[in-house]
Each structure stands twice: as structure tokens, then as C-alpha cells.
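In what follows, a single structure is set out as C-alpha cells and then discussed.
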Amino acid sequence: MNVAARAPRKTAAKGRDAPLVAWFAAQGWKPAAFQRETWRRYLDGESGLLHTPTGSGKTLAAFGGPLLEALSDPAAQRPVTGEGPRVLWVTPLRALAVDTARALGQTVQGLGLPWTVALRTGDASARDKRLARQGKADVLVITPESLALLLSYADASSRFRALRCVVVDEWHELLGNKRGVLLQLGLARLRRLSPGHRTWGLSATLGNLDEAREVLLPQAPDSVSVSGAKPRKVTISTLMPERDGRLPWAGHLGLSQLPRVFKRLFDVRASLLFTNTRAQAELWHRALASIWPESPATLALHHGSLDPKLRALAEQGLRDGSMRCVVATSSLDLGVDFPAVDQVLQVGSPKGVGRLLQRAGRAKHRPGESGHVICVPAQALELIEYAAARAAIAHGGIESRPPPRGSLDVLAQHAVTLALGGGFQADALYEEVRGTHAYAGLDRATWQAVLDFIVQGGQALSNYPEFRRVEIDAEGCYRVPDRRIALRHRLSIGTITSDGAVSVKYLRGGGLGSVEEGFLARLRPGDRFQFAGRTLQLVRLEGMTAYVRRAKDGDGPVATWQGGRMPLSTQLAREVERLYAHPGTHPEMRAVASLLRIQADASALPDSGRLVAERIVTRKGMHLFLFPFAGRAVHEALAALMALRWGRVQANTFSYTVNDYGFMLTLAETAELDEALLRRLMDPAGVMDDLREGVNLGELARRQFREIARVAGLLVPSLPGRAAKSLRQVQASSGLLYDVLRRYDPGHLLLAQAEREVFEFQLEAPRLLAALRDCQGRSLALCEPKALTPLSFPLWTESLRGQLSTETWQTRVARAAAQLQKRYARLA
DNA sequence: GACCTGCTGCGGGTTG
């Protein structure tokens with residue numbers, strides 16, 4: 001149930017919240033209706049989810065309840081002495097934790113409560129860590145990982161006795177991933193240790209808000225979502241191509257828009273320029289720096305592979321207003337607000353509705369003012385995505401974040417944590433974890449397999465003592481007897497895994513960040529490369545550290561990373577598809593009108609009820625282009641699937657290229673193709689079996705297994721301060737484990753988990769199935785255009801990339817583009 | 001003349 005905050009009801013009017021209202025008044029504020037509503041519900045003993053945009057007083061809404069409770073009860077004001085905390089505040093980000101701890105501390109002080117507020121994250125002060133550890137903090141701000149750590153101490157059960165309230169900030173960020181699952185387990189533990197406390201989640205707008213509440217509060221199925229302040233209106237504008245200035249048909253960098261972006265940057269004081277990839281951010285930063293008229297210190301770069309010190313510098317500049325522009329990736333999507341930012345720009349595809357909203361919201365918060373983002377297209381078809389995002393926002397079509405279920409690696413980790421944290425009884429813990437959303441369906445046999453796994457590693461590994469982590473004592477209690485195992489486990493707590501990266505350092509010390517081994521492998525000492533917004537020269541590579549010196553200038557490749565795939569979200573893709581057929585009045589659609597005319601004339605326009613297929617024969621062979629608009633990952637699986645099935649009908653050699661709109665299947669030999677065959681190739685029946693055969697499942701599962709093995713505690717983590725392990729080392733140990741298990745214990749729970757995750761995450765099987773079913777219901781427009789079309793051209797250029805040098809590639813693309821332009825000139 | 005693909009997040013210590 002979703003309730004909007006109304007005027008406070010009678011109970012509140014009776015004045016239970018008077019102390020806070022008075023305090024607010026003294027600050028010159030007036031509590032909002034949703035705040036008083038949240039306080040009232042808290043005082044009535046309720047848990048719930050508070051749905052409200054950032055910067056709207058949600059902190060005081062969530063903190064107010066426990067404050068009021070304490071103000072009316074002298075016993076609750078007494079500082080805790082080992083049984084604390086009273087309030088546990090969970091946030092997914094360290095930086096946010098710091099900010100929150102400060103804000104909560106000021107409030108506590110302002111109200112004259114003798115409480116201690118402490119921060120418990122990896123980088124918290126020793127004092128704060130000690131307070132947390134000894135249960136002497138009244139208010140504790142913590143991350144899901146640090147909470148797991150606290151639960152791993154033998155006296156954990158006595159350190160949460162005073163708990164009255166748990167607040168989970170930015171719950172939408174955790175809901176859809178394994179970090180959220182780890183937190184679900186932690187919360188279930190807290191409910192056991194301290195029955196009766198209340199839990200409040202804070203969430204931004206989300207497609208599955210009700211589900212978000214149910215996952216957070218499985219123990220309170222009739223709890224409510226309180227809607228806070230109205231979400232800020234967000235407007236989207238596009239840096240339209242100038243009259244006659246056309247946009248490229250392919251590509252994603254957007255540097256052709258540099259002069260116009262540059263002008264926009266100097267219209268205001270401070271801007272955030274968002275890109276989709278780290279390499280793209282590096283390129284844009286470099287391009288801007290080459291024409292930057294002000295002090296270089298006013299332009300900065302921010303992404304996840306930069307040294308935290310460099311990132312902090314950029315953030316500080318945004319905070320104190322000295323920064324003019326920061327080029328950033330998602331590393332600045334979240335977290336602390338930067339009131340000095342006047343304007344947000346997004347280069348290239350927004351990828352998702354929620355993502356664009358989030359970025360738009362990073363601009364200055366002024367009461368009553370709407371959020372705004374200026375979209376900068378890198379290629380023509382992206383214009384449609386901007387219009388689609390605007391349309392989706394208008395009717396509230398925002399993405400859901402589906403919560404994971406049954407992640408046995410996380411469960412195994414949690415079980416070892418609790419075995420450390422005073423030990424557990426199998427049956428009691430079974431009931432406890434079944435109380436979470438993620439493991440509500442856990443059966444006895446699987447639970448037993450998890451227990452066997454932590455006790456002896458499973459049958460194939462039982463001879464190796466390092467996998468026998470947990471012992472069962474005479475009372476049937478599961479415990480960790482070995483201190484080394486305890487240390488190892490605490491070191492590998494958490495669900496975030498990443499492969500070893502090479503850190504980049506100056507000879508005289510001073511880290512710049514990290515790059516991937518694969519990128520450095522292409523360089524020799526003396527070579528130059530672009531990273532961290534600088535031109536660097538590689539001096540030498542020592543283990544997992546690259547020593548560099550600053551190069552005056554010169555080229556060299558820009559650092560690249562092989563990150564996630566970020567497929568276009570289903571919501572956005574559907575909207576894009578709809579706009580092709582029903583352009584409406586969006587200015588972006590007017591700008592692509594001639595392009596759509598070409599597409600319609602030479603082939604057909606996509607539509608919600610129509611699937612466009614193009615068959616084009618070139619010297620290379622026969623190309624089939626198909627446009628299901630289902631995102632990269634799905635298209636990859638779909639292309640593999642169709643190649644396999646087609647090969648069964650007729651022997652041939654297949655290759656494919658994919659993007660977010662569709663894929664291109666290339667056949668070495670020309671083949672017959674009609675609608676009936678196409679439909680057969682896309683038949684949803686038997687998809688799973690065919691995928692198993694068609695994609696290299698073994699290799700995918702091997703990779704997925706590496707991450708699962710880490711979370712489950714099978715891989716020995718490198719100790720802090722010691723050299724990081726190279727990818728090859730980790731690959732070797734996880735690969736060995738994988739092979740051993742496959743051979744001697746093929747039913748091992750983690751192997752099954754790896755395969756499941758390959759289907760779910762890498763192949764996006766649920767979305768693939770949905771796409772296939774959806775295609776079944778559509779009419780087919782099987783066209784045979786004489787030349788590449790606006791939709792097929794980008795895929796064709798993509799397919800050339802692997803085969804040609806950059807230069808030849810450029811020439812080929814340019815020539816093809818020129819030919820196309822001539823052919824289509826009469827239409828455009 | 002149009003072109004360089006792929007994000008983010010966390011985490012030790014039983015002592016000073």
C-alpha cells in the first residue's frame with residue numbers, strides 16, 4: 001500500500017512530535033507533512049518505506065522517530081555502554097556515510113542529547129571503529145559490509161541489544177544486487193538479536209516500489225510506503241544539430257559536438273558532463289583541456305579507476321565552487337550533493353530512464369526549481385532516445401530493480417560470518433534466513449548443501465583443510481575454530497568482486513589510479529598513453545604496479561576498460577520503438593524526420609507491433625539485420641541462438657555483431673530466407689537447451705564461477721598492504737577449483753549457481769525469453785533494401801572494427817557513408 | 001565528413 005503524506009492526523013496533533021516541531025521552528029524551518037507522518041508511524045511502532053527524492057528532508061524524517069522516542073524517555077537518553085547502538089543507519093556509500101554521520105551528529109547536539117554518533121566504514125577513524133566494535137555508539141552509520149563484519153565478532157549478540165531503529169538509506173541502490181541480499185541477511189540477524197526494533201527504508205523513485213518495501217520488510221507485510229515531497233520535475237533538452245549540420249549515423253563518442261558543448265559550459269558557472277564510459281570521459285576531458293581558456297585546475301575528471309585522492313579533489317572543487325566542469329561517469333551519479341553545480345550534460349545514450357533522471361537530479365537544488373539535463377547526441381538515432389526518455393518520464397515509466405533470489409554464495413558467506421559471530425544452530429538459522437525475501441524459497445536439501453559446503457567444502461574438496469572452515473561442536477553449534485580462517489573470512493566479506501588491476505604510480509610516489517592488465521600489455525617501456533587526464537610515459541612494470549612519468553605531450557592510446565555492458569533498458573527501448581512509428585511533437589523527432597523517411601522508404605520503420613528484418617547481400621556474403629530493441633546482452637544471445645538453429649537447417653559459416661537496437665548475422669554463403677524460417681529461428685520453445693549448445697557456456701560459467709567462488713570464500717584474498725594478485729593468478733586458482741569440482745563434484749551448489757547466473761545476468765535469459773515471445777506476436781517486415789539503412793549502418797561499421805586497422809576502418813566507413821549519402825540524397 | 005565502447009559499490013586487526 002502506498003500512502004501519500006497527508007496533514008498529520010489527530011495523534012500527531014496531540015503533540016507527540018512537539019519537541020521536534022519546536023526544534024524545527026528554532027531553526028526557522030517547518031516540518032513537512034511527510035516528516036510528521038513518518039514520525040507518527042514510527043511512534044506507533046510501525047516500520048515502512050519512505051519514498052522521497054534526495055535533498056528533501058528525508059534524513060530528519062527517518063531520524064525524527066527515534067529522536068522523539070528518546071526525548072520522551074530519560075532512560076533512552078542515557079548513552080549506551082556496550083549494548084548499543086540505538087539507531088543503526090545503513091548506507092551504500094562511504095562518502096554518504098561520512099556526510100550522514102556529520103548531519104546526525106549535529107542534530108543530536110542541537111537537541112542536547114548526550115549521544116555518541118560514530119561512523120563504521122572501512123575508512124572510519126580507529127576511535128569510531130572501536131566505539132562500534134564495543135557497542136558504545138548510540139548512533140552508528142554503517143555500510144552493509146561493515147554490518148556483516150560487526151556480526152562476525154563473537155560478542156555480536158550483546159552489541160545490538162539496545163537497537164530501536166534501523167534506517168536503510170538509498171535502499172533502491174541495494175535492492176537489485178547481492179549487496180542488498182547481504183543486507184537482507186544482516187537485517188534478519190538483527191531482528192533476531194533485537195526483536196521489536198523498527199526498520200525504515202529510504203528510496204528514490206523506482207518501478208517496483210512496493211516490492212522494494214516487501215524485500216526490506218518481509219516481517220511486516222502490511223507496512224506502508226510513505227510518499228515524501230513531490231519529486232522534482234525534471235526537464236530534458238537536447239543540444240540539437242544545427243541547421244543542416246547532420247549527426248553521424250554511427251559512433252558513440254560525440255566529440256563532433258565539442259565546440260557547442262564548450263560554449264554551453266561557459267554559459268554557467270559550474271557543470272557536470274556525464275559520459276557512459278571511462279575511456280569516453282578521458283577523451284572528453286582531453287578534448288576540453290586542449291581548448292580550455294581558464295586555469296587547468298577548473299576542469300577535472302572523475303571515474304571509478306582514478307585514485308581516490310584525485311576524485312576527492314574534483315569533488316572538493318564542486319563543493320566549494322572552484323570547479324568549472326567535471327567530466328564524470330556514474331561515479332558521480334550518487335552520493336553527496338553538490339549545490340554549486342548549475343548544469344548537467346549527458347553525452348550519448350542515456351541507457352535508462354532512471355539513470356537519466358538520477359543524473360539530471362545532480363544539478364543545483366533550489367526549492368521549486370526543476371531538475372534539468374542537456375543531452376548531447378553522439379549519433380543521430382540517440383536523438384530518439386532522448387525523446388523517449390522524456391516521454392517515459394512523463395508517464396512514470398521508470399525501471400524496476402528486480403531483487404535477486406537464492407544466491408547461495410552470499411548465503412554461505414553469511415553462514416560463516418555467523419559461525420564466527422558466536423556460532424549458530426542449523427535449524428534456527430534456517431528459519432531465520434527463510435524469513436528474508438532472497439531465501440524465502442530455500443529448501444532443506446539446499447540449506448544442508450550450504451552447511452556441508454562451509455564445513456567441508458563439498459565432497460571433492462573435503463581433503464583440503466583450508467576449505468573446512470566451520471566445525472560443529474558437541475552442542476550442534478557451528479563455529480569457526482581457526483583464527484587464520486577468521487581473518488581470511490573477514491578480509492573477503494562483501495559481494496563486490498573485481499579482477500586485479502594494475503595501479504599506476506609516479507616514480508616519486510603518488511598514485512593516479514588503475515588500468516587493466518590487458519591495456520598495459522599493449523605498451524612497452526617508453527610508450528606514452530593517456531590516463532587520469534594526463535599524458536604519461538610508461539617507465540616500467542613491476543608486478544601489479546606500473547611506474548610512469550609525466551610526458552610533456554604527445555599521443556598514445558587512451559586507457560580503456562572492459563566493464564559492464566549497460567544495455568538499453570527495456571522501458572527506454574520500448575519507448576524508442578514506439579516513437580519510430582509515432583514521433584509526436586518532440587523536437588528531437590523533427591530532427592530525425594528525414595532519417596526516418598529514408599528508413600521507411602528503403603526498408604521499414606520499427607513499431608511496437610512490427611519487427612523489422614533486413615536482408616542485404618554484399619561481397620562478404622549475406623547479412624541479416626534484425627531489430628528487436630532488446631538491448632546488447634539479449635541480442636548477443638539471440639544472434640548465437642539463431643546462428644545455431646540456422647546452421648542446423650543448412651550448413652554455413654556465421655558471424656555476428658550486436659548493438660542495443662538489434663544485431664547483424666553474417667552468412668558466408670547466401671541462404672534462402674522467408675518469414676516462416678525466420679519465425680522458426682526465433683521460436684521460444686527449446687531456447688534454454690539451444691543456448692546451452694550454442695554459446696560457450698563452459699567459458700562463461702568459468703568466469704562467473706570466479707566471482708561466486710570469491711563471495712563464497714573459496715579464493716584466498718590477498719592481504720591488505722600486500723601486492724594484489726594478477727588476473728592470471730586468480731584465474732589459475734579459480735579455474736583449478738572449477739575443473740576439480742566439474743570433474744569430481746558436478747552437483748556442487750556453486751557450479752549450479754554459476755550456470756544460473758550466466759543465464760540470468762550474462763545472457764539475460766528472462767529478458768531474452770520475453771523478447772522472443774514478444775517477437776512472436778509481431779508482424780514481420782522482411783525487407784531487402786538495396787543498401788545499408790540508418791538502422792543497419794551502425795551495425796555494419798561495428799563489424800568492420802575487428803578486421804581492420806583504425807585507419808583503414810575510418811576510410812572504409814567514410815567511403816560507405818559518402819555512398820549512402822549520395823544514394824539517399826533525394827530522400828533527405 | 002561522418003570513426004576509437006562499455007558503470008558503480010565495499011572490505012582487517014581483541015591492541016594502542
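Bear in mind the structure is a predicted one, so any value in this text is a computation, not a measurement. First the proteins, then the strands, lettered A, B, ... as listed; each starts at 1.
- Atom CG of A:Leu381 and atom P of B:dC3 are 13 Å apart (whole Å).
- The side chain of A:Arg120 places an N or O atom within less than 4.0 Å of a non-bridging phosphate oxygen (OP1 or OP2) of B:dG12.
- Of the candidates B:dG11, B:dC3, B:dG9, B:dC3 carries the atom nearest the A:Pro248 side chain, counting heavy atoms from C-beta on.
- Closest to the side chain of A:Arg490, out of B:dG12, B:dT8, B:dC7, is B:dG12.
- Across B:dC4, B:dG13, B:dC10, the shortest atom-to-atom separation from the side chain of A:Leu283 is found for B:dC4.
- Relative to the side chain of A:Tyr153, the nucleotides B:dC7, B:dG11, B:dT14 differ in distance, and B:dT14 lies closest.
- Closest-nucleotide positions on DNA chain B for A:Leu255 and A:Ser492 were compared, and the one nearer the 5' end corresponds to A:Leu255.
- A:Ser146 has no side-chain polar atom (N or O) that falls below the 4.0 Å cut-off from OP1 or OP2 of B:dC10.
- Between A:Glu757 and A:Lys178, at least one side-chain N (NZ, or NE/NH1/NH2) sits under 4.0 Å from a carboxylate O, which counts as a salt bridge.
- The CD atom of A:Gln280 sits 9 Å away from the P atom of B:dC4 (whole-angstrom rounding).
- Side-chain proximity of A:Leu487 to B:dG11, B:dG13, B:dG9: nearest is B:dG13.
- For A:Thr329 against B:dC7, a side-chain-to-base donor-acceptor contact under 3.5 Å is absent.
- Nearest heavy-atom pair, A:Ser152 versus A:Ile493, reported as atom, atom and distance to 0.1 Å: CB-CD1, 4.5 Å.
- When the side-chain nitrogen and oxygen atoms of A:Arg278 are compared with OP1 and OP2 of B:dT8, one or more of them lie within a distance under 4.0 Å.
- Rounded to whole angstrom, the span from the CG atom of A:Asp333 across to the C1' atom of B:dG9 amounts to 12 Å.
- For the pair A:Arg522 and A:Asp527, the salt-bridge criterion is not met [side-chain N within less than 4.0 Å of a carboxylate O].
- The shortest distance between the side-chain N/O atoms of A:Thr560 and the OP1/OP2 oxygens of B:dC4 is not below 4.0 Å.
- Residue A:Phe529 comes nearest to A:Leu523 through the heavy atom pair CD2-CD1, 3.5 Å, listed as atom of the first residue, atom of the second, then distance.
- Closest to the side chain of A:Ser330, from the set B:dT8, B:dG12, B:dT14, is B:dT8.
- The separation between A:Ile485 atom CD1 and B:dG12 atom P is 19 Å, rounded to whole Å.
- Residue A:Arg179 is tested with A:Glu145, A:Glu170, A:Glu173 for a salt bridge (charged side-chain N to carboxylate O under 4.0 Å, His left out); the sole match is A:Glu145.
- Contact between the side-chain N/O atoms of A:Arg127 and the OP1/OP2 oxygens of B:dT15 is not found at any separation under 4.0 Å.
- Protein atom CZ of A:Phe793 is 9 Å distant from nucleotide atom C1' of B:dC3, rounded to whole Å.
- Between the side chain of A:Arg130 and the base of B:dG16, at least one donor-acceptor pair of N or O atoms lies under 3.5 Å.
- Here the closest non-hydrogen pair linking A:Ala279 and A:Val558 is O-CG1, 3.9 Å.
- Between A:Asp123 atom CG and B:dC10 atom C1' the separation is 10 Å, expressed in whole Å.
- Heavy-atom distances to DNA chain B give each of A:Ala279 and A:Gln134 a nearest nucleotide, and the one nearer the 5′ end belongs to A:Ala279.
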Under the side chain to side chain donor-acceptor pair (under 3.5 Å) rule, what do A:Asp409 and A:Ser407 come out as? Steps first, then yes or no, please.
CA-CA 6 Å; A:Asp409 51 346; A:Ser407 317; 4.7 Å; no

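- Between B:dC4, B:dC7, B:dT8, one nucleotide has an atom nearer to the side chain of A:Leu253 than all others, and that is B:dC4.
- Under the stacking definition used here (centres under 5.5 Å, planes under 30°), the residue A:His252 qualifies as stacked on the base of B:dT5.
- Among the atoms of the strands shown, none is found under 4.0 Å from any heavy atom of A:Ser256.
- No engagement by A:Arg522 is indicated, since no non-hydrogen atom pair under 4.0 Å with the nucleic acid exists.
- Residue contacts shown for A:Gln379 are absent, as no nucleic acid heavy atom lies under 4.0 Å away.
- Rounded to whole angstrom, the span from the CD atom of A:Glu145 across to the C1' atom of B:dG9 amounts to 7 Å.
- Rounded to whole angstrom, the span from the CH2 atom of A:Trp249 across to the P atom of B:dA2 amounts to 15 Å.
- In this structure, A:Leu334 reaches neither bases nor backbone, as no heavy-atom distance under 4.0 Å exists between it and the strands shown.
- For A:Leu149, whose side chain is taken as the heavy atoms from C-beta onward, the closest listed nucleotide among B:dT8, B:dG11, B:dG9 is B:dG11.
- At B:dC10, one or more side-chain N or O atoms of A:Arg94 fall inside 4.0 Å of OP1 or OP2 (strictly under the cut-off).
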